[in-house]
Amino acid sequence: MTSDIWCLKGELPFEAIAGLEAAIEELAEETGVFPPTLSYFEQKPGEPWIVEVFFPEAPEPGFVEALLERAGSDDWVESFEAVEEKDWVAESQKLLEPVTAGRFFVFGSHDADKAKPDSVNLLIDAGQAFGTGKHETTAACLEVLDSLAAEIAPARMLDLGTGSGVLALATQKVWPAAEIVASDIDPIAIEVTAENIDINHGVGRTAGTRGAGIAVVVAPGLDDPAFADEGPFDLITANILAGPLIELAADITGVLAPGGTLVLSGLLVTQEKEVLAPYQAQGLDTQGRVEKGEWLALVLRKP
Ligand code: SAH
């Protein structure tokens, strides 16, 4: 059975998605049409992302053509059709299910009544930034943070590639006194992180000030003076992809304090050796690993 929901689907490099998003917003505003919903997810590191634009009903004639023209190209589109109702419901449910990882319970606002008294509850709605806990790489990091809680007491902490801010918030819930930096290359992620800090009654802070709280920074990798001011960090989480993790090995190790712990995630099990090598070359030791499906999180320590 088909529904009234229409889906424009294809594959785009990650860098091209922002252009499509801007085109959707502009065109919806100009035409007064309710904007379709953009969703995108990664298949494998380095491959194009799967992009879906959902229309609540069949779009006005010409809308999709105008959108594709504005977005610059239509050669990425693979299909445009009414969505099977069954699949749509199942898919959206799957995305919205709450996740339990260690002591953490991550849920969307539609499940607000399910928050658990014995869990560390994090309300993160699926939206424009990555990190609802649903993805294996995030869940693996949450499990690592859960087990580190008994072992370390970091005073300064960095969440590099914070996305929705989920790991920075998890850290603050475990170590409320920590001075935390949450950074991302994507300004939208940082906006979402700031909102999620408020929603979860987290404590925010301006970068450069001392004291408990999460300071947000927009920066590619460690390319911002804020990191030198804020560091060195006793705990760093970096759930990005194998490529940037390898490229950033020296920079990340540079801001890790002696005795500090580094959690790397976003790599595939098959990429373990190639990601570890540059960190071993920087003198770090492996302390642990958590496998989730084909994904792997690594826990390293600086002597
Ligand atoms: N930490 C969250 C989000 C992970 S998704 C979680 O664990 O769920 C990875 C995030 O890293 C994205 O938001 C992306 O914008 C960001 N990112 C990718 N490359 C980056 C880089 N070189 N520097 C900073 N952030 C980066």
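We count residues from 1, following the sequence as given. As the structure lists them, so they are numbered: ligands from 1, and atoms in each ligand from 1.
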Colleague: Of the choices Asp186, Thr162, Thr138, which has the non-hydrogen atom that lies closest to atom 2 (C) of ligand 1?
Modeller: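 Result: the heavy atom closest to atom 2 (C) of ligand 1 is in Thr162.
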Colleague: Is the contact between Ala219 and ligand 1 made by the side chain, the backbone, both, or neither, using heavy atoms and a 4.0 Å cut-off?
Modeller: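 Under 4.0 Å from ligand 1, Ala219 contributes backbone atoms alone.
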Colleague: Counting each atom of ligand 1 from 1 as listed, which ones have a heavy atom of Leu167 under 4.0 Å away?
Modeller: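 Matching atoms, with element in brackets: 1 (N), 7 (O).
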Colleague: Is a side-chain donor or acceptor of Thr193 paired with a backbone partner of Gly165 at a separation under 3.5 angstrom?
Modeller: yes
Colleague: Can you tell which of Ile152, Ile180, Asp234 makes a side chain to side chain contact (heavy atoms under 4.5 Å, CB included) with Trp175?
Modeller: Ile152
Colleague: Please check whether Ala189 reaches ligand 1 - meaning an N/O of the residue sits under 3.5 Å from an N/O of the ligand, judged on distance alone.
Modeller: no
Colleague: Please report the closest heavy-atom contact between Ala249 and Gln282, naming both atoms and the distance.
Modeller: O-CG, 4.3 Å
Colleague: Could you tell me whether the side chains of Ser109 and Asp125 share a donor-acceptor contact shorter than 3.5 Å?
Modeller: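 Yes - a donor-acceptor pair under 3.5 Å links their side chains.
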Colleague: Compute the minimum heavy-atom distance from Cys141 to ligand 1 and say whether it is under 4.0 Å.
Modeller: no
Colleague: Specify the closest pair of heavy atoms between Pro154 and Ala178, including all atoms of both residues, with the distance to one decimal.
Modeller: O-CB, 3.7 Å
Colleague: Who gets closest to atom 15 (O) of ligand 1 by heavy atom: Asp224, Asp184, Asn239, Val217?
Modeller: Asp184
Colleague: What orientation do Phe63 and Phe55 show, parallel under 30°, tilted 30 to 60°, or perpendicular over 60°?
Modeller: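 Perpendicular: the ring planes of Phe63 and Phe55 meet at over 60°.
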Colleague: Counting each atom of ligand 1 from 1 as listed, which ones have a heavy atom of Gly221 under 4.0 Å away?
Modeller: 21 (C), 22 (N), 23 (N), 24 (C)
Colleague: Should we say atom CZ of Phe34 is surrounded by more than 12 heavy atoms from elsewhere, each under 6.0 Å from it?
Modeller: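 Counting neighbours around CZ of Phe34, 12 or fewer heavy atoms of other residues, nucleotides or ligands fall under 6.0 Å, so no.
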Colleague: Out of Ala238, Gly161, Gly163, whose heavy atom is nearest to atom 1 (N) of ligand 1?
Modeller: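 Of the listed residues, Gly161 has the closest heavy atom.
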Colleague: Taking the six-membered ring for Trp, are Tyr40 and Phe14 parallel (under 30°), tilted (30 to 60°) or perpendicular (over 60°)?
Modeller: perpendicular
Colleague: List ligand 1 atoms under 4.0 Å from Val166, heavy atoms only on the residue side.
Modeller: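 Those of ligand 1 that fall under 4.0 Å from Val166 are 6 (C), 8 (O).
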Colleague: Which atoms of ligand 1 have any heavy atom of Pro220 under 4.0 Å away?
Modeller: 23 (N)
Colleague: Is there a polar contact between ligand 1 and Ile185, counting only N or O atoms under 3.5 Å apart?
Modeller: yes
